[in-house]
Protein chains: 2
Amino acid sequence: MSSANVIPLKHALFNPQAQVCADCGVRRFALFGVLDHAALDNIHVHIADIKLQPGQSLYAAQAVGSAAYTVREGIVRLERTSERGERRILRLAGRSDMLGLEAMLGQTYAADAVACTEVSVCRVPRTLVDDLSRDRPEILVDLMKRWQRALDDADEWLTELCSGPARHRMLRLLLKLSEFADGGQVWLPARLEMSAMLDMTIETASRLISQLKREGVLDAPDQRHAVIHMDALLKALREDSALS
Amino acid sequence: MSSANVIPLKHALFNPQAQVCADCGVRRFALFGVLDHAALDNIHVHIADIKLQPGQSLYAAQAVGSAAYTVREGIVRLERTSERGERRILRLAGRSDMLGLEAMLGQTYAADAVACTEVSVCRVPRTLVDDLSRDRPEILVDLMKRWQRALDDADEWLTELCSGPARHRMLRLLLKLSEFADGGQVWLPARLEMSAMLDMTIETASRLISQLKREGVLDAPDQRHAVIHMDALLKALREDSALS
DNA sequence: CGATTCCTTGAAGAGGTTCAAAGGCCGTGG
DNA sequence: CCACGGCCTTTGAACCTCTTCAAGGAATCG
């Protein structure tokens, strides 16, 4: 019995790729969310499902890319090396975020994309978008919304994670990390990563995390995971704003 | 003798708006750079030419906007208020940069846009882009390039102006300002603006500028203008990177 | 010309960095 | 299995950068 038989007829898709996309958990939020099943069925390009281990690179800055990526699972960081030679983490991308949109314009990637956790992403080739934009121009509006989202993320990162005293920035980072939470547990970056996100030394990052543990803002069952106590975190953030 | 007579016949445009756009100094770099004269002639929407004095607001964050803007002349800053209640300047936009693209998607503006110098901008109404994208879909690609440019600017601002010691950030700011130079003279922000760009106090900004004047990196003929000595600036930047 | 606003400079103190060393958490190999 | 080395984290102490608080000076405007 083929798998098509267990699917209601009007949803039956004969293109295997289409079936994969139709079943994808993030499709509703992803680029092809606007496409109906019939349109999906016309996708004849292979959309690769890529898995990465923590630390593995998805793409490198300056590389000519022929694809963008949609994050299905896990957290990816975008980073750059400043002209001083220091690594700086620009922002994080999580489930349903899109990365490397610049490849859709034939440009080279603007930053390095590196997996923070175990990651799975869909590779969206440029040719596919080119084809679709001919047949279904409304996909371009969706694409522009992605750009705007990336820009909003960048602006928020700058305003909230790049200003004020170190402790405040760390609290904001924990808040941001809790957005990517995955069942109570939050991914806790290495101290070196934190320092690259918040522009501080790893010693300062370590001291702050230690202190926040003592204050009961977070617990770390293991090195790379934390339970964040939101009430304590929000309280800390409020007090922090008040006394300045 | 009408002005049309001095223009070669094949360039004669009968729509007055088209003439304005055809003559615009930034058209080549602007959104409608891809349109030929005939296409320009079909623009029947009025593209307002708006002038702003320093400190005047172009649009406010959260406002529902019906237009984006192309900077023709001058410098505009994008700023936000952080959740702590502090103002933060996100980046600067100069000649041929586009602002408020999010309005093209029916979204509210993501930041405040305020004139730093005397500014003139073209108002590009959303309806115009909607119409054009039907007739000339290639304009959408141009629009996406604008988004990518904004994102690149944001990323660069974050990596270069938000990390490292105060002196280094100030040097990078001067370098950035020199990109917007206007005949040897550079716009010199008020100390309060500098502090909002570089996340430091106005005292620190003032001290750094005073010191850099003494070092011969810049001269300030008046409060709001400076002459930047690029050789000295670049030398300072190099030494600064070396000793760290 | 006085009032306001912005800029500059000083001195004291806090916050962050630097340097140094010790403690934990692996994976490898004896 | 335990010992070892490597890597990351934590903590301490001294130092330095940047902030804070305060006051005087320059520019601008009615």
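Atom set for the values below is all heavy atoms of this structure, side chains included, hydrogens, waters and symmetry mates excluded. Just so you know, these numbers come straight off a predicted model, no measurement behind them. Quick note on labels: first sequence line is chain A, next is B, and so on, each numbered from 1.
Protein atom CD of B:Gln223 is 8 Å distant from nucleotide atom C1' of D:dA26, rounded to whole Å. Whole-Å rounding puts the A:Met194 CE to D:dT10 C1' distance at 13 Å. Rounded to whole Å, the distance from CE on B:Met200 to P on D:dT20 is 13 Å. As a whole-Å value, the separation of B:Glu203 CD from D:dC21 P is 10 Å. Atom CG of B:Leu208 and atom P of D:dC18 are 7 Å apart (whole Å). Here D:dT17 presents its P atom at 11 Å from CD of B:Gln211, a figure rounded to the nearest Å.
The stretch residues 182-193 of chain B has no heavy atom under 4.0 Å from DNA chain D, so no residue of it qualifies as close.
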### Query
Are B:Arg95 and B:Arg72 close enough, and set up right, to give a side-chain contact (heavy atoms from CB on, under 4.5 Å), and what steps lead you there?
CA-CA 5 Å; B:Arg95 173 184 279 236; B:Arg72 258 196 209 232; over 6 Å; no
### Task
Dump the intermediate steps for side chain to side chain donor-acceptor pair (under 3.5 Å) on A:Arg191 and A:Thr204, then the final yes or no.
CA-CA 9 Å; A:Arg191 304 300 172 266; A:Thr204 301; over 6 Å; no
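For the side-chain contact (heavy atoms from CB on, under 4.5 Å) with B:Leu92, the qualifying choice from B:Val76, B:Leu78, B:Leu177 is B:Leu177, the only one to do so.
Ion pairing between a basic and an acidic side chain is recognised when a charged N comes within 4.0 Å of a carboxylate O; B:Lys51 and B:Glu118 show no such pairing. We find that A:Glu79 and A:Arg88 are not joined by a salt bridge, their nearest charged nitrogen and carboxylate oxygen being 4.0 Å or further apart. Salt-bridge check for B:Asp240 with B:Arg167: passed, with a basic side-chain N closer than 4.0 Å to an acidic carboxylate O.
Taking for each of B:Ile202 and A:Arg167 the nucleotide of DNA chain C with the nearest heavy atom, the 5'-most of the two is the partner of B:Ile202. Comparing B:Ile209 and A:Thr204 by the nucleotide of DNA chain C that holds the closest heavy atom to each, the one mapping nearer the 5' end is B:Ile209.
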Considering only distance and modelled atom types, tabulate donor-acceptor pairs under 3.5 Å from the side chains of residues 103-112 of chain A, sequence neighbours left out.
unit_1	atom_1	unit_2	atom_2	d
A:Tyr109	OH	A:Ala67	O	2.4
A:Asp112	OD1	A:Ala61	N	2.6
A:Asp112	OD2	A:Arg87	NH2	3.3

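No more than 12 heavy atoms of other residues, nucleotides or ligands lie within 6.0 Å of CD in B:Gln62, so this atom counts as exposed by the packing criterion. Remark: B:Lys213 NZ is packed, more than 12 non-hydrogen atoms of other residues, nucleotides or ligands lying under 6.0 Å away.
When distances run from any side-chain atom of A:Arg207 to the nucleotides D:dT9, D:dG12, D:dT19, the shortest one goes to D:dG12.
Note on B:Arg169: nothing from the nucleic acid sits closer than 4.0 angstrom, heavy atoms only.
Between chain A and DNA chain C, the heavy-atom contact criterion of under 4.0 Å yields a 5' to 3' nucleotide range of C:dG16 to C:dC19.
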